[in-house]
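Structure record follows, encoded as structure tokens.
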Amino acid sequence: MTATQPLELLAPLSGVLLALDKVPDPVFASRMIGDGLCIDPTSQTLCAPLAGVISNIQDSGHAVSVTDDNGVQVLMHIGLDTVSLAGKGFTRLVEEGQRVEAGQALIEFDADYVALNARSLLTLMLVVSGEPFTPLASGLVERGQPVLQVSSGNRVEEADEEEADARFSKPLTLPNANGLHARPAAVLAQAAKGFNASIYLHKQTQSANAKSLVAIMALQTVQGDTLQVSAAGDDADAAIKALVALLAEGCGEAIAAPSVPLEARVPASSATLLRGVCASPGSAFGQVVQVAEPELKVTEQGAGETLERAALARGLLAASEALQALQTQAAGSAQAQIFRAHQELLEDPTLLEQAHGLLAEGKSAAFAWNSATVATAKLFQGLGNALLAERAADLADVGQRVLKQILGIQDRAWDLPDCAILVAEQLTPSQTASLDTQKVLGFVTVGGGATSHVAILARALGLPAMCGVGPEVLALANGKQVLLDADTGELHLDPNPAEIEQLETARKQQVLRRQHDVAQASVPAITRDGHHVEVTANVASLQEVEQALALGGEGVGLLRSEFLYLDRNRAPSLDEQAATYSAIARALGSERNLVVRTLDVGGDKPLAYVPMDSETNPFLGLRGIRLCLERPGLLREQLRAILASAGLARLHIMLPMVSLLSELHLARKILEEEAQALGLRELPKLGIMIEVPSAALMADMFAPHVDFFSIGTNDLTQYTLAMDRDHPRLASQADSFHPAVLRLIATTVKAAHAHGKWVGVCGALASEALAVPVLIGLGVDELSVSVPLIPTIKATVRELDLSDCQTIAHQVLGLEEAAQVREALRLYHAATVETSPVVEQ
């Protein structure tokens with residue numbers, strides 16, 4: 001190791017200097033590839049920032065590395081996601097191995113083309129060899145101006161691999177669509193650096209140090225290349241195993257699923273097709289519109305605490321009034337509850353305390369509020385903060401709403417063209433609720449899940465939507481014509497006229513089908529061979545009960561009693577609860593079922609007035625029946641209120657999150673005591689939700705002690721697959737169609753029927769028409785569904801034969817993954833529609 005004179009790096013482009021933190025790409029922003037700077041360019045020729053040798057230049061021309069005689073390596077990467085342009089818009093002026101002088105032109109690029117067809121023009125200059133540096137400039141810079149001073153000569157070179165001791169992996173096929181370009185190469189190099197072994201990546205006769213980003217990129221890999229990993233050292237075996245697994249998974253990139261050697265095969269993502277998960281059903285043909293909120297400029301210093309406190313108060317009041325208007329305009333109570341929860345956040349004591357503390361330090365209202373919301377959202381994401389009433393995404397939404405009010409920025413709707421298919425990293429609930437459905441035909445997001453608030457709002461608006469799509473969707477050009485088929489989770493990037501015509505025909509049929517289903521809503525849900533399935537509603541208000549009855553609902557299969565408790569500062573009184581339950585029971589009448597779920601809070605639904613300790617994983621902590629048994633006074637009062645409606649409807653009480661028989665026995669004892677105190681001669685029916693795998697696996701032990709089971713597929717899926725259904729990268733895999741979930745449903749039904757008890761499904765799976773045949777085939781007796789979908793689910797039942805449903809249910813239980821089950825059911829549905837009576841037009 002020898003010390004040398006400091007090295008000055010020149011600006012490779014003219015433009016505006018930005019910190020890496022501002023780059024909208026987590027791999028670059030986290031400095032995984034290397035530290036350096038970013039330039040928003042105003043020139044179109046990339047020049048060498050130092051003298052040296054071209055150690056790597058990508059065939060696509062979007063990235064180049066220069067290494068000087070002392071080993072300093074500098075990587076320049078033009079734009080974000082530009083590897084997908086496959087060289088279009090770039091002209092290489094140098095070759096690998098060529099010596100260049102500082103300031104020499106390396107690559108010319110068409111800025112207009114890149115800006116229109118890639119995610120961003122932001123250009124990175126990174127010191128990937130790891131030397132420390134000092135910034136020499138800020139703001140606007142000219143090409144050739146010194147921008148960094150590097151302290152070279154402070155690196156220790158990696159030892160060469162001892163080939164004699166090296167161990168080799170089995171050959172593997174590279175799955176990445178664009179090979180190991182900068183981002184996946186950085187992920188691989190970062191992982192390799194975690195091992196002491198000397199590690200190399202091999203492609204045919206070429207080899208690269210796996211701890212060197214530049215060396216990996218120099219291999220110029222493409223999808224389908226055969227690679228091997230070799231390692232020498234004490235942890236060689238562990239290194240090979242870890243890196244082979246990382247390569248097979250795409251090194252952090254979304255990759256096409258492997259082909260399935262079964263009848264139910266699912267098409268993989270390709271150059272003309274992107275896949276995700278359905279957040280809201282439907283289909284649309286339109287033009288891509290990339291949308292993102294501009295970053296708001298916030299001044300840190302305030303104009304005095306009194307003035308800034310007044311500014312914050314005005315912003316909070318204006319935001320509260322806007323949220324109240326959104327509640328009033330909401331299509332249903334589920335949508336209104338989202339914005340009630342947002343409104344509650346405006347009064348959150350933790351947020352206000354943090355903001356006021358910063359105001360006292362002389363900060364501006366905008367800075368104080370923004371700092372408080374950002375910090376609290378991060379805390380919520382990491383710890384599940386029990387003071388917050390909703391998720392971090394909702395808090396960020398509320399934070400931006402207030403911030404705009406403080407800054408005096410008009411919260412205008414996006415200026416969108418007709419027939420827009422919106423594409424975004426993530427949409428907020430506010431953005432979704434304010435979409436102009438005359439112009440917006442649907443949307444596609446990278447983040448989010450099928451049970452997120454955005455998905456709920458999309459379904460309420462009737463907008464087709466996909467989530468969990470790979471980040472490559474963010475590189476699609478504005479104006480590109482695409483076909484969004486949310487039902488199949490597919491975004492067609494190059495649809496042919498036949499596909500478009502087929503889509504339009506399908507849309508017209510869907511409209512006619514919906515009209516027909518609503519007209520026939522009062523007809524019972526009886527299969528063609530005479531098997532009756534009860535179709536009831538999931539509700540959270542008297543208004544929704546009335547809507548459900550108007551749409552043919554045969555009862556209430558799930559009354560979410562927590563709607564009385566959430567978004568308020570104190571618990572509802574006994575009289576208020578009793579009056580609400582009795583009103584709902586009267587609306588149903590004595591011949592219909594009313595299934596009331598006892599208080600299901602905790603996890604993602606904390607109560608401000610019920611003290612709950614902060615939990616590392618609240619979904620596995622005190623929630624549902626566990627919380628109520630910890631606070632029996634809360635449960636007793638609720639049971640007294642529910643029992644006030646006995647005799648007005650066929651009352652059923654359902655316990656959530658039961659995992660132990662002892663929980664059921666203790667809850668039944670409390671129910672019996674409260675009924676006796678009220679002088680009731682007959683107990684209401686008592687059942688449990690099956691949403692914990694232990695309850696499903698022991699359903700035969702629970703069945704003698706309950707009157708019914710109702711399966712909550714959302715949580716059952718989450719707990720069975722060990723996947724958070726709101727995780728941005730796992731949401732698309734946390735799918736209730738997974739055979740493991742279906743097998744637990746089958747186990748539950750078999751145990752219940754053996755003891756003469758009925759089984760319902762009240763989770764989201766019951767509201768999916770595609771799932772109806774398999775649920776009927778597994779023996780489910782009742783489907784409790786989202787209110788607007790009651791006519792559709794009833795009509796679906798009437799198209800089926802019980803014997804056929806039993807056959808397809810048996811078949812899908814033998815498949816491996818949810819995608820295969822969905823495809824098998826789509827094929828079955830297509831065949832069923834062909835043989836069903838034609839809808840009259």
Side-chain angles (χ1 to χ4, degrees), residues 281 330-337 456 459-460 462 513-527 531-564 580-597 642 645 647-654 684-685 687 689 708-714 758-773 775-776 780-800:
S333 66
Q335 294 78 50
Q337 284 175 27
I456 292 169
R459 291 193 286 271
R513 169 67 186 261
R514 173 66 182 173
Q515 293 171 347
H516 180 267
D517 292 348
V518 171
Q520 299 292 314
S522 61
V523 179
I526 300 175
T527 63
H531 177 71
H532 178 252
V533 178
E534 191 168 3
V535 179
T536 59
N538 297 334
V539 300
S541 68
L542 175 59
Q543 179 188 7
E544 282 194 324
V545 173
E546 293 167 345
Q547 291 172 351
L549 293 176
L551 289 174
E554 299 175 286
V556 168
L558 169 61
L559 174 60
R560 300 183 178 96
S561 66
E562 56 274 8
F563 81 94
L564 284 165
T580 302
Y581 296 132
S582 296
I584 288 173
R586 287 192 191 92
L588 289 168
S590 59
E591 298 304 312
R592 294 190 181 95
N593 281 358
L594 169 59
V595 180
V596 183
R597 181 176 69 187
I642 294 171
S645 64
L648 300 175
R650 294 194 305 206
L651 182 61
H652 295 61
I653 295 176
M654 180 163 65
K685 303 295 185 184
M689 285 193 75
F708 66 96
F709 290 134
S710 187
I711 301 171
T713 53
N714 298 6
W758 64 268
V759 180
V761 173
C762 61
L765 193 64
S767 296
E768 293 209 39
L770 193 65
V772 171
L775 293 177
I776 293 176
V780 170
D781 304 289
E782 178 229 40
L783 300 174
S784 189
V785 308
S786 177
V787 172
L789 294 171
I790 292 171
T792 299
I793 299 302
K794 291 183 74 174
T796 301
V797 173
R798 293 194 293 267
E799 292 175 344
L800 303 171

Item to check | Close side-chain approach of P281 and E768, heavy atoms under 4.5 Å | outcome: no
Checklist entry - After noting the C-alpha distance and the side-chain angles of Y581 and L648, does the key distance pass the side-chain contact (heavy atoms from CB on, under 4.5 Å) rule? => result CA-CA 10 Å; Y581 296 132; L648 300 175; over 6 Å; no
Checklist entry - Quick check: does any side chain N or O of Q520 sit under 3.5 Å from a backbone N or O of H516, one acting as donor and the other as acceptor? => result no
Item to check | Pairwise distance CG(L559) to CZ(R597) - rounded to 0.5 angstrom | outcome: 9.0 Å
Checklist entry - Do the non-hydrogen side-chain atoms of V556 and T536 ever get within less than 4.5 Å of each other? => result no
Next on the checklist: My understanding is that only residues two or more places apart in sequence, or in another chain, count here; which of them pass salt bridge (Lys or Arg N to Asp or Glu O under 4.0 Å) with E554?
Outcome noted: none
Next on the checklist: Return the CD to OG1 distance between E799 and T527, rounded to the nearest 0.5 Å.
Outcome noted: 12.0 Å
Item to check | Rounded distance (nearest 0.5 Å) linking atom CG of L775 with atom CD of E782 | outcome: 11.5 Å
Item to check | Partner residues of E546 under the side chain to side chain contact (heavy atoms under 4.5 Å, CB included) criterion, sequence neighbours left out | outcome: L542
Item to check | Heavy-atom closest pair, residues V787 and L551 | outcome: O-CD1, 3.5 Å
Can you give the donor-acceptor pairs under 3.5 Å from side chains of residues 788-797 to other protein atoms, not counting sequence neighbours?
from : atom 1 : to   : atom 2 : distance (Å)
K794 : NZ     : A521 : O      : 2.7
K794 : NZ     : V523 : O      : 3.1
K794 : NZ     : G552 : O      : 2.9
T796 : OG1    : T792 : O      : 2.8

Next on the checklist: Just so I know, are the side chains of L558 and M654 near enough to count as touching, which here means a heavy-atom distance under 4.5 Å?
Outcome noted: yes
Item to check | Over all atoms of both residues, closest heavy-atom pair of R798 and P524 | outcome: CD-O, 3.3 Å
Per-pair distances, 0.1 Å, donor-acceptor, side chain in residues 582-592, under 3.5 Å, sequence neighbours excluded:
from : atom 1 : to   : atom 2 : distance (Å)
S582 : OG     : A578 : O      : 2.9
R592 : NH1    : L588 : O      : 2.7

Checklist entry - Looking only at heavy atoms, which two atoms of N714 and A764 are closest? And how far apart? => result OD1-N, 3.0 Å
Checklist entry - Rounded to the nearest 0.5 Å, what separation is found between the CG atom of L594 and the CD1 atom of I653? => result 9.5 Å
Checklist entry - Distance-only, no hydrogens or angles: does the N593 side chain make a donor-acceptor pair with backbone N or O of G557 under 3.5 Å? => result no
Checklist entry - What pairs meet the salt bridge (Lys or Arg N to Asp or Glu O under 4.0 Å) rule with one or both residues in residues 514-523, with sequence neighbours excluded? => result R513-D517
Item to check | Under 3.5 Å donor-acceptor, N538 side chain and S784 backbone | outcome: yes
Next on the checklist: I'd like to check the side chain to side chain donor-acceptor pair (under 3.5 Å) partners of S786; sequence neighbours left out, ordered by chain and number.
Outcome noted: none
Checklist entry - How about D781 and F708: do any of their side-chain heavy atoms sit closer than 4.5 Å? => result no
Next on the checklist: Quick check for you: to the nearest 0.5 Å, what is the distance between H652 atom NE2 and W758 atom CH2?
Outcome noted: 5.0 Å
